[in-house]
Amino acid sequence: MLEAARALLGSILISDVGGARTAVRLIEVEAYGGGDDPASHAFRGPTLRNRSMFGPPGTFYVYRSYGVHWCANVVAGLEGTPAAVLLRAGEPVQGREVMEERRGRPDHLTDGPGKLCRALALTGEHDGTSVWEGPVRLTEGDAPPGVVAASSRIGVTRGGDLPWRLVLRTGWR
DNA sequence: CGGTGGATTCTCT
DNA sequence: GAGAATCCACCGA
């Protein structure tokens with residue numbers, strides 16, 4: 001599980017949504033388990049909302065947070081084994097102008113789960129799509145992860161104790 | 001069938 | 001630093 005999250009660090013997330021191409025390099029992710037992880041949406045079993053988490057690996061799980069934002073995950077567990085990696089933050093590598101326009105700001109474009117989705121125009125429409133075949137794709141980054149720091153997960157009301165938040169060292173936090 | 005709360009973000013004080 | 005915004009699936013009755 002943590003290996004999957006670690007592998008995602010440094011990967012390039014490409015979005016062709018809306019006709020414009022935007023891409024970021026992932027620098028922060030969080031791992032979530034299944035029935036044994038109280039913080040996971042899949043803790044209580046499959047539901048309409050989290051059904052994507054129970055799909056095959058390489059599936060996007062996008063959900064609405066606080067009724068306002070979108071948060072994107074990549075399913076990492078085997079089919080039937082709910083486990084996903086939340087994409088928390090990245091750094092723009094392509095289409096920065098488009099992101100600025102979508103965000104309405106010149107900075108802090110992709111330094112949060114909700115911001116990341118908005119910058120890439122990720123919405124619930126992409127929930128359940130493949131990370132290799134859909135309008136939003138994931139490719140291996142050319143830059144191998146440097147120093148990876150692990151810490152507790154953020155914003156979680158239950159089970160925030162597990163050090164499953166992984167950050168690529170870029171001089172942040 | 002209605003209340004509730006969330007893996008957040010922005011704005012104002 | 002605190003509080004609002006804002007939607008809908010889930011939970012309990």
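We name chains A, B, ... by the order of the sequence lines, and we start the count at 1 in each one. Remember, predicted model here, so these are calculated numbers, not experimental data.
Residue contacts shown for A:L48 are limited to sugar-phosphate atoms, with no base heavy atom under 4.0 Å away. As judged by a 4.0 angstrom heavy-atom cut-off over every strand, A:R103 is placed among residues touching the sugar-phosphate backbone only.
Taking each heavy atom of A:M53 and A:V75 in turn, the nearest pair found is O-CG1, 3.7 Å. Residues A:T110 and A:P92 share a closest heavy-atom pair of OG1-CD, 3.6 Å.
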Based on Watson-Crick and G-U pairs with both distances under 3.5 Å, what dot-bracket line describes DNA chain B 5' to 3', crossing pairs as [ ] and inter-strand pairs as |? ||||||.|||||.

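The separation between A:R153 atom CZ and B:dT8 atom C1' is 17 Å, rounded to whole Å. For the pair A:R118 CZ and B:dT8 P, the interatomic distance rounds to 15 Å; values are reported in whole Å. Atom CG of A:N50 and atom C1' of C:dC11 are 14 Å apart (whole Å). The CD-P distance, from A:E30 to B:dT8, rounds to 7 Å in whole Å. Per the geometry, CE belonging to A:M53 stands 16 Å off C1' belonging to C:dC10, to the nearest Å. Rounded to whole Å, atom P of C:dC8 lies 15 Å from atom NE2 of A:H69. Taking atom CD of A:E28 as the reference point, atom P of B:dT8 lies 10 Å away to the nearest angstrom. Atom P of nucleotide B:dT11 and atom NZ of A:K115 are separated by 11 Å, given to the nearest angstrom.
Of the candidates C:dC11, B:dT8, C:dC10, C:dC10 carries the atom nearest the A:T47 side chain, counting heavy atoms from C-beta on.
A:R49 and A:D127 are not joined by a salt bridge, as no carboxylate oxygen comes within less than 4.0 angstrom of a charged side-chain nitrogen. At a threshold of 4.0 Å, the pair A:R153-A:E30 does not count as salt-bridged, since none of the basic side-chain nitrogens sits closer than that to a carboxylate oxygen.
Not a single donor-acceptor pair under 3.5 Å links the side chain of A:D37 to the backbone N or O of A:Y32.
For the pair A:H41 and A:Y61, the minimum side-chain heavy-atom distance is below 4.5 Å. Residues A:I154 and A:R88 are in side-chain contact: their nearest non-hydrogen atoms beyond the backbone lie under 4.5 Å apart.
Just one of A:M99, A:R96, A:Q94 meets the side-chain contact (heavy atoms from CB on, under 4.5 Å) condition when paired with A:V24; it is A:M99. In summary, of the residues considered (A:L26, A:V85, A:I27, A:L9), a side-chain contact (heavy atoms from CB on, under 4.5 Å) with A:L166 occurs for A:L9 alone.
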Give me, pair by pair, the N or O atoms of the protein and of nucleotides 2-6 of chain B that are less than 3.5 Å apart, along with how far apart they are.
none

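Taking the P atom of each, B:dG2 and C:dT6 are spaced 23 Å apart, rounded to whole Å.
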